[in-house]
Participant: 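Would you mind keeping the following structure in view while I ask a few things?
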Amino acid sequence: MEVTIEPWKKLVVHEVIEYNFENLVKIVLSQARAAGGGISSMNWCNGMVFQHTVFPDTDSTVQEKLKGTIHYSSVVFAIKENFERQVVKDTGTLNLVDVSANSIFRELAEVLKKRG
């Protein structure tokens with residue numbers, strides 16, 4: 001048996017929206033309340049907090065993935081230099097997940113920093 005590892009070749013982000021951190025927390029917590037509550041989570045990587053949305057798997061998106069290209073329909077982000085596991089506000093709690101071990105997220109964070 002042969003095992004092959006083929007890293008992703010390209011990430012395409014179709015929409016990027018930047019917020020300041022406090023506003024992004026308000027938006028995420030508001031959406032969580034509207035959806036029935038619970039604790040929301042966001043990714044943190046190298047000074048950036050972000051969420052990404054992927055396209056559903058269709059024939060064309062799967063073909064793109066097989067060629068090594070990932071498509072995110074959107075990324076929302078804010079600058080947050082210091083990592084903390086939870087951000088607690090009167091309106092709710094936001095968990096931050098340190099995803100800096102992921103090379104795709106590290107590269108995305110660097111590109112977002114240059115935009116910010």
Participant: Can you measure from CD1 (I17) to CG (L24) and round to the nearest 0.5 angstrom?
Facilitator: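 With rounding to 0.5 Å, CD1 (I17) is 10.0 Å from CG (L24).
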Participant: Looking only at non-hydrogen atoms, find the nearest pair between T69 and W8 and report the distance.
Facilitator: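 Closest approach of T69 to W8: N-CE3, 4.2 Å.
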Participant: Pairing donors with acceptors under 3.5 angstrom, does anything connect the side chains of E2 and T4?
Facilitator: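 Yes.
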Participant: Check whether any side-chain heavy atom of N82 lies under 4.5 Å from a side-chain heavy atom of E84, and answer yes or no.
Facilitator: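 Side-chain contact under 4.5 Å: no.
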Participant: Output the rest of the hydrophobic cluster of V3: all Ile, Leu, Val, Met, Phe, Trp and Tyr residues reachable through side-chain heavy-atom contacts under 4.5 Å, sorted by chain and number.
Facilitator: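 For the cluster that includes V3, the remaining residues are M1.
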Participant: Count I, L, V, M, F, W, Y as connected when their side-chain heavy atoms are under 4.5 Å apart, and connections chain through other members. Are V54 and V13 then in the same cluster?
Facilitator: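 Shared cluster, yes.
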Participant: Does S73 use its side chain to pair, donor to acceptor, with the backbone of F55 at less than 3.5 Å?
Facilitator: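 Such a contact is absent between S73 side chain and F55 backbone.
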Participant: Can you confirm whether more than 12 heavy atoms, excluding those of Q86, are under 6.0 Å from its CD atom?
Facilitator: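 Enclosed.
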Participant: Do you reckon V25 sits in the same ILVMFWY cluster as L96, going by side-chain contacts under 4.5 Å, direct or chained?
Facilitator: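 Hydrophobic grouping puts V25 with L96.
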Participant: Would you give the length of the straight line joining atom CD of E18 to atom CD1 of I79, rounded to the nearest 0.5 angstrom?
Facilitator: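 These two atoms lie 5.5 Å from each other.
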Participant: Please list, chain by chain and in numerical order, all residues satisfying side-chain contact (heavy atoms from CB on, under 4.5 Å) with K9, sequence neighbours excluded.
Facilitator: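 side-chain contact (heavy atoms from CB on, under 4.5 Å) check on K9 returns nothing, list empty.
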Participant: Please report the closest heavy-atom contact between A78 and Y19, naming both atoms and the distance.
Facilitator: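 Nearest pair, atom of A78 first, then Y19: CB-O, 3.2 Å.
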Participant: Keeping to residues at least two apart or across chains, list the side chain to side chain donor-acceptor pair (under 3.5 Å) pairs with something in residues 20-31.
Facilitator: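 Passing the test, one end in residues 20-31: E22-K89.
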Participant: Starting at CZ of R115, measure out to NZ of K113 and round the result to the nearest 0.5 Å.
Facilitator: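 If I round to the nearest 0.5 Å, the distance is 15.5 Å.
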Participant: Taking all heavy atoms of T93 and all of L29, pick out the closest pair and write down the distance.
Facilitator: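 Closest heavy-atom pair between T93 and L29: O-CD2, 3.5 Å.
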Participant: Which donor-acceptor pairs under 3.5 Å do side chains of residues 42-51 form with protein atoms, sequence neighbours excluded?
Facilitator:
| residue | atom | partner | partner atom | Å |
| --- | --- | --- | --- | --- |
| W44 | NE1 | K80 | O | 2.8 |
| Q51 | NE2 | S41 | O | 3.4 |

Participant: Scan the side chains in residues 61-68 for donor-acceptor partners under 3.5 Å anywhere in the protein, sequence neighbours excluded, and list what turns up.
Facilitator:
| residue | atom | partner | partner atom | Å |
| --- | --- | --- | --- | --- |
| T61 | OG1 | P56 | O | 3.0 |
| T61 | OG1 | T58 | N | 2.7 |
| T61 | OG1 | T58 | O | 3.2 |
| T61 | OG1 | T58 | OG1 | 3.3 |
| E64 | OE1 | H71 | NE2 | 2.9 |
| K65 | NZ | D57 | OD1 | 2.5 |

Participant: List the atom pairs, donor and acceptor, that lie under 3.5 Å between side-chain atoms in residues 97-111 and the rest of the protein, sequence neighbours left out.
Facilitator:
| residue | atom | partner | partner atom | Å |
| --- | --- | --- | --- | --- |
| D98 | OD1 | S100 | N | 3.0 |
| D98 | OD1 | S100 | OG | 2.6 |
| N102 | OD1 | I104 | N | 2.8 |
| N102 | OD1 | F105 | N | 3.0 |
| R106 | NH1 | S100 | O | 2.9 |
| R106 | NH1 | A101 | O | 3.1 |

Participant: Report yes or no: do I27 and V16 belong to one cluster of Ile/Leu/Val/Met/Phe/Trp/Tyr joined by side chain heavy-atom distances under 4.5 Å?
Facilitator: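 Cluster IDs for I27 and V16 differ.
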